[in-house]
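One structure below.
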Amino acid sequence: MAEPFRRHDLVRADPAAWAAWRVGRPDLSAVPHLEHWAASGRPLIVRRRIPGETGDAVPLGLPLPPADGKRRIGLALPASALSPAPVVSLAEAAAHAPVPWSATLDALTELGRRHGLAPRPFGSLLWQAVTGLTYLSATSDLDLLWPCRPPVPVGLLDGIAAVAEAAPMGIDGEILLPDGAGLHWRELRAAPEDGSVLAKSLERLLLRPVAGLRGPGPA
């Protein structure tokens, strides 16, 4: 049976299921923000299963803001207790970013538009946008997903690299394929034509041949 959710999906938890999970985690009782997280509509993110993690529950993550320890809390809940949260585009999240990032975000949004794509943030910018809490700092990087069907245009990869070279922050992230696999954009750009690149999905990590994943270079 196909997984109902994929890695990087945002979901909201049923408050009753959230409360039941918290009862089983007394070690987290004093952690800030957790008590009302689900009731306030704040999302969780679907993460990759870790080795030894079994069962039908959906693996989830919740990063705390840096001021609260920057702790990453892992959990798993039944799919029946989850509902999809809206996808947040980079253009929508831009209002929550530091002012010095504005030109870079505009350039990346325009780059996506030229290729018919809508980049999505994850990491600190996403969490600041969807929670209203402070996740971004002067040293934060920008993490982006680029949902894209293969072959990934070389012009897209080169375009991200060109923007990153002049950006005031680091630019990280993945090309997100239709099957849910994520490919680090720098690794895909740098890999030789006869090479392979690491693909991350909900269930596993595997090497995939570059052939067929990346479009031809400029003529």
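Residues Gly215 and Pro151 come closest through the heavy atom pair N-CB, 3.4 Å. Nearest heavy atoms, Ala97 versus Leu136: CA-CD1, 4.1 Å. Residues Ala81 and Ala17 come closest through the heavy atom pair CB-CB, 3.5 Å. Residues Leu60 and Arg47 approach most closely at O-NE, 2.6 Å, considering heavy atoms. Minimum interatomic distance between Gly212 and Pro150 (heavy atoms only, all atoms of both residues): O-CB, 3.5 Å. Val88 and Pro121 get closest at one heavy-atom pair: O-CD, 3.2 Å.
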- [ ] Determine, step by step, whether Trp18 and Leu75 satisfy the side-chain contact (heavy atoms from CB on, under 4.5 Å) criterion, reporting the C-alpha distance in whole Å, the side-chain angles of both residues, the deciding distance to 0.1 Å, and the verdict.
- [x] CA-CA 10 Å; Trp18 181 255; Leu75 66 149; 3.8 Å; yes

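In summary, Arg208 and Asp179 engage in a salt bridge, as defined by a charged side-chain N under 4.0 Å from a carboxylate O. A salt bridge is defined here as a Lys NZ or Arg NE, NH1 or NH2 lying under 4.0 Å from an Asp or Glu carboxylate O, and Arg214 with Glu193 meets this definition. Glu203 has no carboxylate O lying under 4.0 Å from a charged side-chain N of Arg6, or vice versa, which leaves the two without a salt bridge.
Put simply, the side chain of Val197 does not reach to within 4.5 Å of the side chain of Leu207, judged on heavy atoms. Residues Ile45 and Val11 have side chains not in contact (no heavy-atom distance under 4.5 Å, counting atoms from C-beta outward). Using a 4.5 Å heavy-atom cutoff, the side chains of Leu213 and Val152 are not in contact. Residues Leu144 and Trp185 are not in side-chain contact: their nearest non-hydrogen atoms beyond the backbone lie 4.5 Å or more apart. Contact check for Leu176 versus Arg120: side-chain heavy atoms found under the 4.5 Å cut-off. Residues Glu187 and Leu198 form a side-chain contact, since some pair of their non-hydrogen atoms from C-beta on lies under 4.5 Å apart.
A continuous path of ILVMFWY side-chain contacts below 4.5 Å connects Leu133 to Leu34, so both sit in one hydrophobic cluster. Two different hydrophobic clusters hold Trp101 and Leu126 under the rule that ILVMFWY side chains link at heavy-atom gaps under 4.5 Å. Side-chain heavy atoms closer than 4.5 Å link hydrophobic residues (I, L, V, M, F, W, Y) into clusters, and following such links, possibly through other members, connects Val46 to Leu145. Leu177 is not connected to Val154 by any chain of hydrophobic side-chain contacts under 4.5 Å among Ile, Leu, Val, Met, Phe, Trp and Tyr, and they are in different clusters.
Going from atom CG of Asp14 over to atom CG of Leu82 covers 9.0 Å, rounded to the nearest 0.5 Å. Between atom NE2 of residue His96 and atom CG of residue Leu105 there is a gap of 12.0 Å, rounded to the nearest 0.5 Å. Atom CG in Leu142 sits 9.5 Å away from atom OG in Ser124 (nearest 0.5 Å).
In this structure a side-chain-to-backbone donor-acceptor pair under 3.5 Å is present from His184 to Arg186.
By the 30° and 60° cut-offs, the orientation of the rings of Trp37 relative to His33 is perpendicular.
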